[in-house]
Amino acid sequence: MNFVIPGRENLELRLREEADANVFFSLIDKNRTYLRQWLPWVDATKTVGDTLKYIQSCISNFEKQESVDFGIWYDNQWVGSIGFHYWDKINRKDTIGYWLAEDFQGKGIVTDSVKALIKYGFEKMNLNRIEILCAVENTKSVAIPERLGFTNEGVCRQNEWLYDHFIDAVAYSILVSEWERNK
Ligand SMILES: CC(C)(COP(=O)(O)OP(=O)(O)OC[C@H]1O[C@@H](n2cnc3c(N)ncnc32)[C@H](O)[C@@H]1OP(=O)(O)O)[C@@H](O)C(=O)NCCC(=O)NCCS
């Protein structure tokens with residue numbers, strides 16, 4: 001299930017393993033201030049034990065086919081996360097979420113990882129629709145579905161509670177028919 005991103009031999013998506021808990025937690029801890037600008041779970045990740053529990057839930061959800069969650073590895077270092085988080089089999093759709101450590105931004109790592117995940121979702125998970133929800137003001141995140149030809153479907157108002165306030169999100173989607181046409 002782990003795979004190297006085509007054309008980028010140093011970029012790999014690897015399924016979660018319990019043995020990664022320490023490196024995973026260290027990276028979150030180092031990037032706390034930067035990540036909490038947009039991600040609601042950072043403050044609740046206080047110890048390696050919290051990260052281990054998260055990894056265990058990813059492994060269990062993967063086994064139950066409820067979600068598919070990868071670590072992003074660049075030059076053999078763990079640099080971020082990406083996954084399908086809400087696998088809806090009846091309606092054949094899922095939502096991609098992602099984050100990257102601050103120092104690794106600006107290299108197209110997430111754009112290329114999302115591209116690979118789209119292919120995986122349409123070819124291996126039999127999805128019809130893939131969604132990405134980005135906070136309206138998170139310009140770096142919004143740029144990713146824009147760059148990959150997703151359709152902007154409008155704003156979901158007060159979509160997420162971020163520590164002390166609600167934030168609005170832009171909903172993006174791509175359909176398998178569109179992806180087939182443009183690949
Ligand atoms: C959102 C986030 C993943 C974006 O990171 P990023 O580095 O901008 O995204 P990518 O890895 O796709 O890289 C795109 C950048 O690399 C550049 N780039 C270099 N090579 C590239 C390539 N081969 N393909 C695409 N872009 C490339 C792009 O020009 C762009 O740079 P720019 O921002 O200066 O225009 C990151 O800022 C993050 O994790 N933020 C905190 C958490 C978060 O917001 N998560 C999303 C919640 S919805």
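All figures in this text were calculated on a predicted structure; none of them were measured in a lab. Quick note: residue numbers are just sequence positions, from 1. Both ligands and their constituent atoms are indexed starting at 1 by order of listing.
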Is it the side chain, the backbone, both or neither of V114 that has a heavy atom closer than 4.0 Å to ligand 1? neither
N or O pair under 3.5 Å between I109 and ligand 1: yes
Quick one: does L100 get an N or O within less than 3.5 Å of an N or O on ligand 1? yes
Could you tell me which atoms of ligand 1, counted from 1 in the order shown, lie closer than 4.0 angstrom to a heavy atom of Y98? 3 (C), 45 (N), 46 (C), 47 (C)
Using 30° and 60° as the class boundaries, would you call the ring planes of W99 and W41 parallel, tilted or perpendicular? tilted
Within 4.0 Å of some non-hydrogen atom of W38, the atoms of ligand 1 are 44 (O)
Shortest protein contact, atom 44 (O) of ligand 1 (heavy atom only): N138 ND2, 2.7 Å
Residue, atom and distance of the protein heavy atom nearest atom 34 (O) of ligand 1 read K140 NZ, 4.6 Å
Considering only heavy atoms, does W99 approach ligand 1 within less than 4.0 Å through its side chain, its backbone, both, or neither? both
So which protein heavy atom does atom 48 (S) of ligand 1 come closest to, and at what separation? S141 OG, 3.3 Å
Sorted by chain and number, sequence neighbours left out, ring-ring contact (aromatic ring centres under 6.0 Å, His included) with Y98 holds for none
Mark up the atoms of ligand 1 that fall under 4.0 Å of a heavy atom belonging to L133, in ascending order. 48 (S)
Should the pair F24 and Y54 be assigned to parallel (<30°), tilted (30 to 60°) or perpendicular (>60°) ring geometry? perpendicular
Compute the shortest N/O to N/O distance between V110 and ligand 1 and return yes if it is under 3.5 Å, no if not. yes
Presence of salt bridge, D112 and R8, under 4.0 angstrom: yes
Look up atom 18 (N) of ligand 1 and tell me if a protein heavy atom lies less than 4.0 Å from it? yes
One should read off an interatomic distance between F3 CZ and R14 CZ, to the nearest 0.5 angstrom, of 12.5 Å
For the NZ atom of K93 and the CH2 atom of W87, what is their distance to the nearest 0.5 Å? 15.0 Å
Residues C134 and I132: closest non-hydrogen pair is SG-CG2, 3.7 Å
Going by side-chain contact (heavy atoms from CB on, under 4.5 Å), L127 matches just one of D94, D88, N91. Which one? D94
List the steps, then state whether side chain to side chain donor-acceptor pair (under 3.5 Å) holds for S173 with E131. CA-CA 4 Å; S173 73; E131 302 168 351; over 6 Å; no
For atom 12 (O) of ligand 1, the closest protein heavy atom turns out to be T111 OG1, 2.4 Å
Quick test: of every protein heavy atom, which one is nearest to atom 31 (O) of ligand 1, and how far off is it to 0.1 Å? G106 CA, 4.0 Å
Any donor-acceptor pair under 3.5 Å linking the side chain of E178 with the backbone of L175? yes
To the nearest 0.1 Å, how far is atom 26 (N) of ligand 1 from its closest protein heavy atom, and which atom is that? G108 CA, 3.5 Å
Can you tell me the protein heavy atom closest to atom 40 (N) of ligand 1 and the distance? Y34 OH, 3.1 Å
E146 bridged to K140 by N-O distance under 4.0 Å: no
Who's the nearest protein heavy-atom neighbour of atom 28 (C) of ligand 1, and how far? R147 NH2, 3.9 Å
Taking a cutoff of less than 4.0 Å between a non-hydrogen atom of the residue and any ligand atom, is Q37 in contact with ligand 1? no
